Amino acid sequence: MPKLTINGIEVEVPAGATVLQACQQAGVEVPHFCYHERLTIAGNCRMCLVEQEKAPKPIAACAMPVAENMVIHTDSERAKKARKGVMEFLLINHPLDCPICDQGGECDLQDQAMAYGFDRGRYQENKRAVKDKDFGPLVETSMNRCIHCTRCVRFIGDVAGVADLGGIGRGENMEIDTFIGQALGSELSANIIDLCPVGALTSKPYAFTARPWELRKTESIDVLDAVGSNIRIDSRGPAVLRILPRLHEDVNEEWISDKTRFACDGLTKRRLDRPYLRRAGKLAETTWQDAFAMIATRLKGVAGDRMAAIAGDLADAEAMFALKELMASLGSANIDCRQDGAALDGSNRAGYLFNTTIAGIEKADAVVLIGTNPRLEAAIINARLRKRYLQGGFRVGAFGPKLDLTFPVTSLGDGPQDLVARATEFLKDAKNPMVIVGQGALRRKDGGAILAAARDLAVRDGWNGFNVLHLAASRVAGLDMGFVPGANGRDVEGILAGCEKGEIDFVYLLGADEIDTKRLGSAFVVYQGHHGDKGAARADVVLPGSAYTEKDAIYVNTEGRVQLARRATFPPGDAREDWAILRALSGSLGKALPYDTLAALRTKLTQAYPTFGAIDQVPHAAWGSFGKAGTIDAAAFVYPVTDFYHTDSISRASPTMDACLAARMETDARKTGTHG
């Protein structure tokens, strides 16, 4: 490990480190624009110039490798003069429109101009004018502000893996643009807004909405997929105005998907803000007391085996726990959290987790995908797979229709025919192999057999490469607490079949919108949720609940990591937190649940299921038997997600997600020649 001296302090750094990284390790701040630790080095901006003894001129710290006995000065007069000169050059063409720029208040250029810039400009030439570009419905452009750092180009090409952005022209005429004038085609495209160090790329839906200092910032968790991306919710008053990524190296690093970032405008659309009762075939507003009274009346004399409850994909752990206990007190074992009928019984925790962990992907050397398209089902995990591919020595094989995952994929067949033989052959030379089983495989009738077949394909001494990729934020928590049919209980298919046959009289839907509501027959349906989606349209009683931004709640991601969502705003109107609704309902039914506060509920939850107390940890899951041996159908897999932008009640209510889908369809039409 080479040693160097920085501002009189001797520092030892890993071989291959740059001077800028050495300075950061030593706690010395060096200003920069183009450098980013997760992107390739470009050396464009020259803002990181420092003085190196015996060097003829200042060096770019971001691009200069450390050498033994190097002596660096970051605050010498020569270094300061160089930085002031660079800043003066950067501001030659930069418009002085900070008062109207959405980047104002959180702009790297503002901060560094103040700290390191020159106090005047000596150039009198006219500023250049650059035409703004259309990057689609998410990213607003003001290219007069662009300083050509190319962070956006490198992110889109390297991390997102699509060849959509590049530099066109040379010198002063260089511009950042899409190559064929189309919208950005990545599910991660809006991360370039965070990366842009100036105001050239800003959020189009958020444009001219608020200033950073007006916002209340709340650290929370995304629930629109099962990754559990760490986010920051920025709100003002009752409204969520934007969602930004929060650093978590083991989950989402510092990226989030476009759906995570922008579907928040759906939180104000189609909201349920008061209870409803169905009268004369139509839902009409009512009071909480009347809604509870109606439910109590309809439940009188109904046997437990004629009741059922289904938990939806966005349900939090506390609400599912309360509903499970309420149904048990009513004598019903007909409960299920697997809306799609996935063949996961919850008997062995390792059988339904992403055991490798998301960060563990970087240790693998081969992976087989079974019935999953991670680019649409978990864009952050797909980005981690691409990151591992770029490091080299990583092969990807897939069972299912052709995939475009932004990295090469070897097709092993459209369906699971000869799954074990083909997967074993593909993984035979791998030391740390992975298998990722998706819901496209598990929701089939032979899902249990596929699960059993995949069980031992990627398990080695000291390495568990068996992984299940979930779609629902609620699924792992539901399986952890056993929100599945009890003895002689019915699963989702059994519940729906029972409704059709008249064997189920009462169904409680906890945000369950992804079932076939037409099959509920004449059953009395209670829907508890936050959006007027499919479940609410069929319900006889609607109880308004809270969205994930409006409550303190526990969610467990696909790798089994327990995380806390925090309340950023309050639910609208008469809506209440989900666990509180169930507690109040239990009292009206004469089956009062034994807790009156969220803290008391969590105490009961962790006593019954200790894994929920291990916050931000991935407890080891003991390996055991799971799946169900049987015949595997050779039929081709069908991926469960075809529309990335509309997978849940929140994103389906989002105008921005509608615009994204329209832009994607137009781009696809251009590529296939069917446009217009």
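These numbers come from a predicted model, not from an experiment. Only this structure's heavy atoms are used, side chains among them; waters, hydrogens and symmetry mates stay out.
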For [X] and [Y], which I'm curious about, is there any donor-acceptor pair between the side chains at under 3.5 Å?
X: Asn252; Y: Arg246; result: no
X: Asp102; Y: Thr202; result: no
X: His248; Y: Gln563; result: no

Side-chain donor or acceptor of [X] paired with backbone N/O of [Y] under 3.5 Å:
X: Arg236; Y: Leu215; value: no
X: Ser229; Y: Ile256; value: no
X: Lys3; Y: Glu68; value: no
X: Gln24; Y: Val30; value: no
X: Gln52; Y: Ile72; value: no
X: Arg154; Y: Cys34; value: yes
X: Asp365; Y: Asn432; value: yes
X: Asn44; Y: Cys149; value: yes
X: Asn467; Y: Gly465; value: yes
X: Asn7; Y: Thr74; value: yes

May I ask you to say whether [X] pairs ionically with [Y], meaning some side-chain N is under 4.0 Å from a carboxylate O?
X: Glu362; Y: Arg384; answer: yes
X: Arg46; Y: Glu88; answer: no
X: Arg128; Y: Glu172; answer: no
X: Arg242; Y: Glu106; answer: yes
X: Arg145; Y: Asp132; answer: no

Indicate the atoms forming the closest heavy-atom contact of [X] with [Y], along with that distance.
X: Arg211; Y: Ile100; value: NH2-N, 3.9 Å
X: Ala26; Y: Val11; value: CB-CG2, 3.6 Å
X: Ala366; Y: Leu427; value: CB-CD2, 3.7 Å
X: Gly185; Y: Val162; value: O-CG1, 4.2 Å
X: Ser257; Y: Ile380; value: N-CD1, 4.1 Å
X: Pro95; Y: Asn144; value: CD-O, 3.3 Å

Straight-line distance of [X] [atom1] to [Y] [atom2], nearest 0.5 Å:
X: Ile358; Y: Thr558; atom1: CD1; atom2: OG1; value: 7.0 Å
X: Phe155; Y: Leu39; atom1: CZ; atom2: CG; value: 8.0 Å
X: Ile156; Y: Leu188; atom1: CD1; atom2: CG; value: 8.0 Å
X: Ile361; Y: Met434; atom1: CD1; atom2: CE; value: 4.5 Å
X: Ile41; Y: Cys62; atom1: CD1; atom2: SG; value: 6.0 Å
X: Cys48; Y: Ile59; atom1: SG; atom2: CD1; value: 8.5 Å

| request: Start with the C-alpha gap between Asp404 and Arg375, add the side-chain angles, then the distance that decides, and say whether side-chain contact (heavy atoms from CB on, under 4.5 Å) holds. | output: CA-CA 8 Å; Asp404 177 11; Arg375 181 172 176 180; 3.3 Å; yes

Within the structure provided, determine whether [X] and [Y] are in side-chain contact (heavy-atom separation under 4.5 Å).
X: Ser189; Y: Leu138; answer: yes
X: Tyr555; Y: Val476; answer: no
X: Glu53; Y: Thr5; answer: no
X: Val367; Y: Ile436; answer: yes
X: Pro433; Y: Leu457; answer: no
X: Asp75; Y: Lys80; answer: yes
X: Asp225; Y: Thr647; answer: no
X: Leu165; Y: Ile192; answer: yes

| said: Against the six-membered ring of Phe426, is Arg395 placed for a cation-pi contact (under 6.0 Å from the centre, within 45° of the normal)? | reply: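 Yes; both conditions hold, so Arg395 lies above the ring face of Phe426.
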
Kindly check if the number of other-residue, nucleotide or ligand heavy atoms within 6.0 Å of [atom1] ([X]) is above 12?
X: Met114; atom1: CE; value: no
X: Asp119; atom1: CG; value: yes
X: Tyr609; atom1: OH; value: yes
X: Lys217; atom1: NZ; value: yes

Among [options], find the residue that satisfies the side-chain contact (heavy atoms from CB on, under 4.5 Å) test when tested with [X].
X: Val86; options: Gln112, Lys81, Met47; result: Met47
X: Glu559; options: Leu469, Val468, Val251; result: Val251
X: Leu564; options: Asp552, Ile221, Ile615; result: Ile615

| message | Go through it in stages, so that I can follow the logic: the residues are Glu254 and His36, the test is side chain to side chain donor-acceptor pair (under 3.5 Å), and I'd like the CA-CA distance, side-chain angles, deciding distance and then a yes or no. | response | CA-CA 12 Å; Glu254 57 189 273; His36 191 280; 3.1 Å; yes

| Chi angles and distances behind the side-chain contact (heavy atoms from CB on, under 4.5 Å) call for Val556, His470 | CA-CA 11 Å; Val556 187; His470 291 282; over 6 Å; no

| Could you go step by step and tell me if Val159 and Arg386 meet the side-chain contact (heavy atoms from CB on, under 4.5 Å) rule? | CA-CA 7 Å; Val159 179; Arg386 174 173 171 78; over 6 Å; no

| Are the aromatic ring centres of Phe262 and Tyr206 under 6.0 angstrom apart? |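 Aromatic pair excluded; centres sit 6.0 Å or further apart.
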
| request: Assess whether side chain to side chain donor-acceptor pair (under 3.5 Å) is satisfied between Asp480 and Tyr352, documenting all intermediate values. | output: CA-CA 10 Å; Asp480 279 349; Tyr352 57 82; 2.5 Å; yes

| said: For a side-chain contact (heavy atoms from CB on, under 4.5 Å) check, start with the C-alpha distance between Leu369 and Leu403, then their side-chain angles and the critical distance, and finish with the verdict. | reply: CA-CA 10 Å; Leu369 309 175; Leu403 290 169; 4.2 Å; yes

